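Worksheet: one structure, shown below.
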Amino acid sequence: MVRGTTVTARDATLLGWWLVGGGLVACQLVAAVSRGRFPGVGAVLRRLGTSGTGRALLLLGWAWLGWHAFAR
């Protein structure tokens with residue numbers, strides 16, 4: 001860190017979102033290179049959507065994302 005600079009809550013939040021997005025991209029790249037040994041993000045989401053509990057978790061995750069990404 002450069003002397004005299006501070007990290008704001010906004011900076012930390014943006015860094016967190018960049019890490020989440022980068023992690024999703026990395027997982028998808030690993031799935032593409034693995035030739036089917038690892039499922040992609042879409043396959044994992046489809047698998048979660050097959051059960052009631054999985055659908056509830058997806059709904060809660062979507063609501064959390066909407067609240068944190070779009071609410072002010």
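Given the structure is predicted, the values throughout are model-derived calculations rather than measurements.
With sequence neighbours excluded, the residues that form a side-chain contact (heavy atoms from CB on, under 4.5 Å) with W64 are W17, H68. Considering only residues two or more places apart in sequence or on other chains, A43 meets the side-chain contact (heavy atoms from CB on, under 4.5 Å) condition with P39, R46. Listed by chain and residue number, T8, L14 satisfy the side-chain contact (heavy atoms from CB on, under 4.5 Å) test with R10 (two or more places apart in sequence, or in another chain). Contacts of L58 classified as side-chain contact (heavy atoms from CB on, under 4.5 Å), with partners at least two apart in sequence or in another chain: L45, L48.
Between D11 and L15, the closest side-chain pair of non-hydrogen atoms is not below 4.5 Å.
Hydrophobic side-chain contacts under 4.5 Å tie L29 into a cluster, directly or through other members, with V25. Think of L59 as one node in a network of Ile, Leu, Val, Met, Phe, Trp and Tyr side chains linked at under 4.5 Å; it has no links at all.
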